[in-house]
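Before any comments, here is the structure.
Residues: numbered from 1 along the sequence shown. Computed from a predicted model, the values in this text were never measured in an experiment. Basis for what follows: all heavy atoms, side chains included, without hydrogens, waters or symmetry-related copies.
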Amino acid sequence: MSAADEFNHFYPVGTPVLAYPGIRPEDGPDDDTLITRTRTEARASGSGDDVIWVEGHGAYISLTHVDPVSEEQWRQARIDRDETTAARRAALLDAIRTHPTEWKPERAAFALKRLGFGWVSERTARADLEALVADGHLAPVTKVVIQHYDLTGGAS
């Protein structure tokens, strides 16, 4: 019996899972833990890996990166994630108020690490900055940057 067949035997479509599209947390820093549910049965991919699709993610994920959990564990993971996100965004807003200029995702990710939130990806930091914009705390600043210079039409 393949890993996909075994998974399908024990876990029907809609099973609550923690999924790791990048790498598993024990294998390195990655903040992409999806608290989701399966949306397909597991099957072999074209490369022969056993994979599954989950809600809220557009690509398949290797079964080695999917952990089925109970409904209670799933609910608690969502609560914990929401509390952590709120605390992280509050800490980031405090840091921005202390040093209010030129906040880019790279700087936000570094600040969050220094504030004790561990490794935070630039994608997560960007989402935090965008959430602070949506909440009315920040305004995006767009600067026009000169890319290069060319001769004008009248020069020869």
### Query
Partners of R126 by salt bridge (charged side-chain N to carboxylate O under 4.0 Å, His left out), sequence neighbours excluded?
none
### Query
Are F7 and T38 side-chain neighbours, meaning at least one heavy-atom pair lies under 4.5 Å?
yes
#### Entry: Euclidean distance, T40 OG1 relative to I52 CD1, rounded to 0.5 Å
4.5 Å
### Query
Just by modelled atom types, is the E55 backbone N or O under 3.5 Å from a matching donor or acceptor in the T36 side chain?
yes
### Summary
What one should report as the nearest heavy-atom pair of A108 and W103 is CA-CZ3, 3.8 Å
### Task
Report yes if some heavy atom in the side chain of I96 is under 4.5 Å from a heavy atom in the side chain of L132; otherwise report no.
yes
### Query
salt bridge (charged side-chain N to carboxylate O under 4.0 Å, His left out) with D50: which residues, sequence neighbours excluded?
none
### Message
Measuring from atom CD of E41 to atom NE2 of H9, what distance do you get when rounded to the nearest 0.5 angstrom?
### Response
12.5 Å
### Query
Do side-chain atoms of R39 reach the backbone of V54 as a donor and acceptor pair under 3.5 angstrom?
yes
## Note on the structure
When rounded to the nearest 0.5 Å, the distance separating CD of E6 from CZ of F10 is 5.5 Å
### Message
Using the rule that Ile, Leu, Val, Met, Phe, Trp and Tyr join whenever any side-chain heavy atoms are under 4.5 Å apart, tell me whether V69 and V13 fall into a single cluster.
### Response
no
### Task
Show your reasoning for whether side-chain contact (heavy atoms from CB on, under 4.5 Å) applies to L92 and L129.
CA-CA 8 Å; L92 180 58; L129 291 168; 4.0 Å; yes
### Task
Indicate the atoms forming the closest heavy-atom contact of P105 with A125, along with that distance.
O-CB, 3.4 Å
### Query
Can you name the closest pair of heavy atoms from L34 and P21 and give their distance?
CD1-CG, 3.7 Å
### Query
Which distance, rounded to the nearest 0.5 Å, do you find between the CD1 of I23 and the OG1 of T64?
12.0 Å
### Message
Applying salt bridge (charged side-chain N to carboxylate O under 4.0 Å, His left out), can you list everything that pairs with D67, at least two apart in sequence or on another chain?
### Response
R24
### Task
Would you kindly confirm whether V17 and I79 end up in one hydrophobic cluster when ILVMFWY residues are joined by side chain heavy atoms under 4.5 Å apart?
no
### Where A109 and S121 come nearest, the two heavy atoms and their spacing
CB-O, 4.1 Å
### Query
Residues two or more places apart in sequence or in another chain: which of them pass salt bridge (charged side-chain N to carboxylate O under 4.0 Å, His left out) with R88?
D128
#### Entry: Atom pair CG (L18) and CH2 (W74), whose distance is rounded to the nearest 0.5 Å
10.5 Å
### Message
Applying ring-ring contact (aromatic ring centres under 6.0 Å, His included) as the test, list every pair that has at least one member in residues 39-69; sequence neighbours left out.
### Response
W53-Y60
#### Entry: Which residues share a ring-ring contact (aromatic ring centres under 6.0 Å, His included) with F117, sequence neighbours left out
none
### Summary
Smallest heavy-atom separation, L63 atom then A42 atom, equals CD1-CB, 3.8 Å
### Query
What residue among V66, I61, T33 forms side chain to side chain contact (heavy atoms under 4.5 Å, CB included) with Y20?
T33
### Task
Quick one: pull up CG in D80 and CD1 in I35 and give me the separation to the nearest 0.5 Å.
8.0 Å
### Residue pair V51 / S62: nearest heavy atoms and the distance that separates them
CG1-CA, 4.1 Å
### Full working for side-chain contact (heavy atoms from CB on, under 4.5 Å) between E72 and R75
CA-CA 5 Å; E72 181 54 35; R75 276 192 295 279; 3.4 Å; yes
